[in-house]
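Shown next, in structure tokens, is the structure this report addresses.
One is the number of the first residue; the rest follow in order along the sequence. What you are looking at is a predicted structure, and each value in this text was computed from that prediction instead of being measured.
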Amino acid sequence: FSNFDLYEIPDTTRPTMLSGHMNLDNRILTLVASETLDLTPAELKVDLAKIHLSNVTNESAISLAGSSVIQFDGTEINITILEPLRIRAIPLSATPGGDGAPLILDVSAGAFSDLSENLIVDSFNIVLTESPDISPPNILYGTLFLGAGVLEITADETIDLSPYSANVNLSRVFISNSSSDRYLPLANANFQEGTIDGVAFNLTLSELERVALIARSATPGGDGHALTMDIAFGAMHDIGIKYNLKEDGISIVEHADVIE
């Protein structure tokens, strides 16, 4: 056999981003590139600050900085965006809770590179396909400050509270002294001023309600039984317009009245 010189032509073709899909339930943005991208290690190979979601190209409304990349070299890239970014993306989408127009993806040059270290070119105005938020919010627990007469309700995701007068039905929220007795409906409770979308919100109870709850609590002056919270279906919904399911016996953390 004879030896032959092998003439190598380097890869100089820069990759482009072709398409993408945004799952607004599990927060995963899946992108498809024109060739295999180098994603390992992601903290060195990927610049998420150069990737944006918007209503209109070049608007750069939502930067993906701080999100995480699944580290596996390939033409398909999966990015798990942060929960606050998901909440901001839903109103810009064509899914329930959105404005009816799909999200637009802009990937700026240098966000990725291929295995030959060629940087990706600007890939703007990519119309994303979308999957809606399909998971209803769950109420995790309540925190009752018996001195101030304030109940804080905490969920596992952001609740739509803008405006709370239209989006929360407090007649479907109850405090119970024993299993599901629905002793105190919260229909007359008041939202605190300045309440905005969030995973938690505060309600102010009347003085009569505060005193009545002390007597039925596990704090000093009470009957020794901890209060619980019951929430009927449809009391509130998340940003994707998914309503809570019926939940009874939700734990309430009680803080005793220590105000003199």
Side-chain angles (χ1 to χ4, degrees), residues 20-31 52-55 61-64 66-68 70 78-105 127-143 151-176 180 182 185-187 189-192 194-203 228-253:
H21 177 82
M22 183 71 243
N23 187 318
L24 290 163
D25 189 61
N26 65 14
R27 298 187 283 120
I28 294 179
L29 171 65
T30 300
L31 306 179
H52 294 85
L53 301 176
S54 306
N55 251 160
I62 302 173
S63 166
L64 299 194
S67 300
S68 59
I70 296 177
N78 289 302
I79 302 170
T80 303
I81 69 172
L82 298 170
E83 173 64 8
L85 303 186
R86 183 184 78 93
I87 296 306
R88 291 172 58 194
I90 289 175
L92 303 181
S93 74
T95 67
D99 59 9
L103 288 161
I104 299 297
L105 173 74
V127 180
L128 296 179
T129 57
E130 302 166 339
S131 296
D133 175 8
I134 60 173
S135 300
N138 296 303
I139 307 306
L140 300 178
Y141 58 87
T143 305
L151 173 66
E152 181 181 70
I153 297 176
T154 301
D156 65 349
E157 64 171 297
T158 299
I159 301 298
D160 188 351
L161 301 169
S162 303
Y164 50 77
S165 57
N167 292 325
V168 180
N169 185 350
L170 291 179
S171 68
R172 294 178 177 267
V173 183
F174 308 86
I175 294 179
S176 295
S180 304
R182 296 189 172 185
L186 296 185
N190 295 308
F191 282 89
Q192 294 192 338
T195 296
I196 59 174
D197 298 346
V199 297
F201 59 92
N202 292 343
L203 301 173
T228 59
M229 185 165 46
D230 300 327
I231 299 186
F233 169 78
M236 60 197 74
H237 60 76
D238 61 18
I239 303 300
I241 321 297
K242 295 299 295 184
Y243 284 89
N244 70 284
L245 302 179
K246 180 178 181 293
E247 296 180 76
D248 291 337
I250 300 169
S251 298
I252 292 179
V253 179

Rounded to the nearest 0.5 Å, how far does [atom2] of [Y] lie from [atom1] of [X]?
{"X": "I81", "Y": "S67", "atom1": "CD1", "atom2": "OG", "answer": "6.0 Å"}
{"X": "F201", "Y": "T154", "atom1": "CZ", "atom2": "OG1", "answer": "9.0 Å"}
{"X": "S162", "Y": "I239", "atom1": "OG", "atom2": "CD1", "answer": "7.0 Å"}
{"X": "M236", "Y": "I159", "atom1": "CE", "atom2": "CD1", "answer": "6.0 Å"}

Taking everything shown except Y141 itself, do over 12 heavy atoms lie less than 6.0 Å from its OH?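 At most 12 heavy atoms, drawn from other residues, nucleotides or ligands, come within 6.0 Å of this atom.
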For side chain to side chain contact (heavy atoms under 4.5 Å, CB included), just list the numbers for V199 and E83, CA-CA rounded to whole Å, side-chain angles, deciding distance to a tenth of an Å, and then say yes or no. CA-CA 11 Å; V199 297; E83 173 64 8; over 6 Å; no
Measure the acute angle between the ring planes of Y243 and H237, then classify it against the limits of 30° and 60° as parallel, tilted or perpendicular.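 It falls in the perpendicular class, over 60°.
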Is the shortest side-chain heavy-atom distance between [X] and [Y] below 4.5 Å?
{"X": "L105", "Y": "L53", "value": "yes"}
{"X": "N244", "Y": "R172", "value": "no"}
{"X": "T228", "Y": "S176", "value": "yes"}

Test I153 against every option in L203, L140, N202 by the side chain to side chain contact (heavy atoms under 4.5 Å, CB included) rule and name the one that passes.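 So the option named by the test is L203.
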Let me know which of S93, P96, P132 forms a side chain to side chain contact (heavy atoms under 4.5 Å, CB included) with L24.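 Testing L24 for a side chain to side chain contact (heavy atoms under 4.5 Å, CB included) against S93, P96, P132 leaves exactly one candidate, S93.
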Report yes or no: does [X] contribute a side-chain atom to a donor-acceptor pair with the main-chain N or O of [Y] at less than 3.5 Å?
{"X": "D248", "Y": "I250", "result": "no"}
{"X": "E247", "Y": "N138", "result": "no"}
{"X": "D197", "Y": "T158", "result": "no"}
{"X": "N78", "Y": "I70", "result": "no"}
{"X": "D133", "Y": "S135", "result": "yes"}
{"X": "D238", "Y": "D160", "result": "no"}
{"X": "H21", "Y": "T129", "result": "yes"}
{"X": "N55", "Y": "L92", "result": "yes"}
{"X": "T80", "Y": "R27", "result": "no"}

Between [X] and [Y], what is the shortest heavy-atom contact and its length?
{"X": "V173", "Y": "A235", "answer": "CG2-CB, 4.0 Å"}
{"X": "S171", "Y": "A187", "answer": "CA-CB, 3.9 Å"}
{"X": "A94", "Y": "E130", "answer": "N-OE1, 2.9 Å"}
{"X": "N169", "Y": "G234", "answer": "CB-O, 4.2 Å"}
{"X": "L103", "Y": "A89", "answer": "CD2-O, 3.7 Å"}
{"X": "R86", "Y": "D25", "answer": "CD-O, 4.3 Å"}

Apply the test side chain to side chain contact (heavy atoms under 4.5 Å, CB included) to residues N23 and T30: give CA-CA distance (whole Å), side-chain angles for both, the deciding distance (0.1 Å), then the verdict. CA-CA 8 Å; N23 187 318; T30 300; over 6 Å; no
Worked verdict on I175 versus L151 for side chain to side chain contact (heavy atoms under 4.5 Å, CB included): CA-CA 10 Å; I175 294 179; L151 173 66; 4.1 Å; yes
For a side chain to side chain contact (heavy atoms under 4.5 Å, CB included) check, start with the C-alpha distance between L29 and L128, then their side-chain angles and the critical distance, and finish with the verdict. CA-CA 9 Å; L29 171 65; L128 296 179; 3.9 Å; yes
